[in-house]
Every structure is written in C-alpha cells, then in structure tokens.
S.K.: 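One structure coming up, written as structure tokens, with questions to follow.
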Amino acid sequence: GGGVWWVCVGCVLCVCVVVGVVVLVVNAVTFDVVTFTDVMDSFSDLALGDTAQLDPSRLGVLADANSAESALVGCAQDLRCDALVVFQPNPTATALASLVSLRGRSLLLVVDQTQPTLVTTANGILASVGDNASVQWVEGNLSTADQLHNNPQLVQVIVQWLQDHIPQS
C-alpha cells in the first residue's frame, strides 16, 4: 500500500519503507564513516530480504539531532545514500567541510525556526550543498520521535519529499 512502515532494529537503527523507498533511520548514535559504510552494507542486505517490493538502489537516511553529524559525513562519503533528511542539524566544521560531497544528492533539513543558531546553520548548509537542499521549518525543539508522532502533516511532507527526491531506478 501507500503507507509508511517502521521496523526497528534495536534502539539505534530503524528502517522506514515508503512505497518502494527504503530509509535508514539513525537515532541517538554517533559513529565514524567506516561504521556508516558497514551499516549501509547491512541496510542494503536487509532491503534485499523478504520484501521484494523494495528497491535497494533507492536508499535514504533520516537522522535526528544526535546523529546528524554522523549521517551528514557518512552520506557525503557513501554514494548509496540518495537522499538525507536531518532534524535540527548543528554540525561541526569538519562535517560542514564534507557537505560539498553531497552536491547532486538531495538533502532535507527539518529545523526549528524559533532557534536562531539552527536557522543560521541551516542557511549555511543550504549554501554549501546547493540546489538539491531544502528546509522544512517547524516550531518547537521537540525530539525527532515527538515531531514525527505529534505532527502527521510533517510525516506526509517527509514521505512526499523522499518519493520526489530519491531517483527511480
């Protein structure tokens, strides 16, 4: 069907299946690029599992504020990451420097518009990544889980954005 499916693997990773698009959800975790690549390998294998309707070549990543840094750097280095959704990003200079590698791939930032530091950071990220980056402004610095649970309209925006920005194979 056309629904959103969440499958949690432990407390760190989830898989979100959105009409043939597979999204790795990284939550409250920091990891290096090698670990990110290993996770993407496992994630691709999982996408190939029992659910034949999934296309492992259409992979996205969704990261909360705690894992934004790792997801930004990881996706910049791993070309299998077709699209990235990041909640409340506040990356270090190292992560910002790696953003140029995301050019040509899609990035959606979900940012609390009442937080001036996050707004400034989001605008800097948009300038670094270019035309394939956009922002969904929200109000309130809620956790990613709370935002997704309490704001079904935001979920629909993200689902539609993923469908529009992960290339058809």
S.K.: With heavy-atom distances below 4.5 Å as the criterion, would you say the side chains of Leu72 and Leu84 are in contact?
M.R.: yes
S.K.: So, Glu69 side chain and Thr92 main chain: donor-acceptor pair closer than 3.5 Å or not?
M.R.: yes
S.K.: Check His165 against Ala83 and note the closest heavy-atom contact, atom names and distance.
M.R.: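 Scanning both residues, the minimum pair turns out to be O-CB, 4.4 Å.
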S.K.: Using side chain to side chain contact (heavy atoms under 4.5 Å, CB included) as the criterion, point out the one residue from Val61, Leu107, Leu108 that pairs with Val85.
M.R.: Leu108
S.K.: Using 0.5 Å steps for rounding, measure from the CZ atom of Arg105 to the CG atom of Leu102.
M.R.: 5.0 Å
S.K.: Is there a path from Leu96 to Val100 through hydrophobic residues (I, L, V, M, F, W, Y) whose side chains come within less than 4.5 Å of each other?
M.R.: no
S.K.: What are the two closest heavy atoms between Ala63 and Ala71, and how far apart are they?
M.R.: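 Heavy atoms only, the tightest pair is CB-CB, 3.5 Å.
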S.K.: Where do Trp137 and Ala122 come nearest, in terms of heavy atoms and distance?
M.R.: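 Looking at all heavy atoms of both residues, the closest pair is CH2-CB, 4.2 Å.
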S.K.: Check whether any side-chain heavy atom of Ser106 lies under 4.5 Å from a side-chain heavy atom of Asp82, and answer yes or no.
M.R.: no
S.K.: Tell me whether Leu154 shares a hydrophobic cluster with Leu162, the cluster being built from Ile, Leu, Val, Met, Phe, Trp, Tyr side chains joined at under 4.5 Å.
M.R.: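 Same hydrophobic cluster.
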S.K.: Any side-chain heavy atom of Leu118 within less than 4.5 Å of one from Asn90?
M.R.: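 Side-chain contact under 4.5 Å: yes.
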S.K.: Quick check: is Val135 connected to Val119 through a chain of hydrophobic side chains (ILVMFWY, heavy atoms under 4.5 Å apart)?
M.R.: yes
S.K.: Side-chain contact test, heavy atoms from C-beta onward, threshold under 4.5 Å: evaluate it for Gln88 versus Asp64 and give yes or no.
M.R.: no
S.K.: Ignoring hydrogens and angles, state whether a donor on the side chain of Gln77 or Ser98 is under 3.5 Å from an acceptor on the partner side chain.
M.R.: no
S.K.: Looking at Arg80 and Cys75, would you say the former's side chain and the latter's main chain have a donor-acceptor pair under 3.5 Å?
M.R.: no
S.K.: Would you check, one step at a time, whether the test side chain to side chain contact (heavy atoms under 4.5 Å, CB included) holds for Ile158 with Phe87?
M.R.: CA-CA 11 Å; Ile158 293 170; Phe87 280 75; 3.7 Å; yes
S.K.: Checking side chain to side chain contact (heavy atoms under 4.5 Å, CB included) between Val129 and each of Asp131, Ile125, Leu126, which is the one that passes?
M.R.: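 Testing each of Asp131, Ile125, Leu126 against Val129, the sole residue satisfying side chain to side chain contact (heavy atoms under 4.5 Å, CB included) is Ile125.
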S.K.: Does Val155 belong to the same Ile/Leu/Val/Met/Phe/Trp/Tyr cluster as Val138, with side-chain heavy atoms less than 4.5 Å apart forming each link?
M.R.: yes
S.K.: With Pro91, which of Val73, Val86, Thr121 fulfils side chain to side chain contact (heavy atoms under 4.5 Å, CB included)?
M.R.: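 Of Val73, Val86, Thr121, side chain to side chain contact (heavy atoms under 4.5 Å, CB included) with Pro91 is met by Thr121 alone.
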S.K.: Would Leu99 and Leu79 show up in the same hydrophobic cluster when neighbours are defined by side-chain heavy atoms closer than 4.5 Å?
M.R.: no
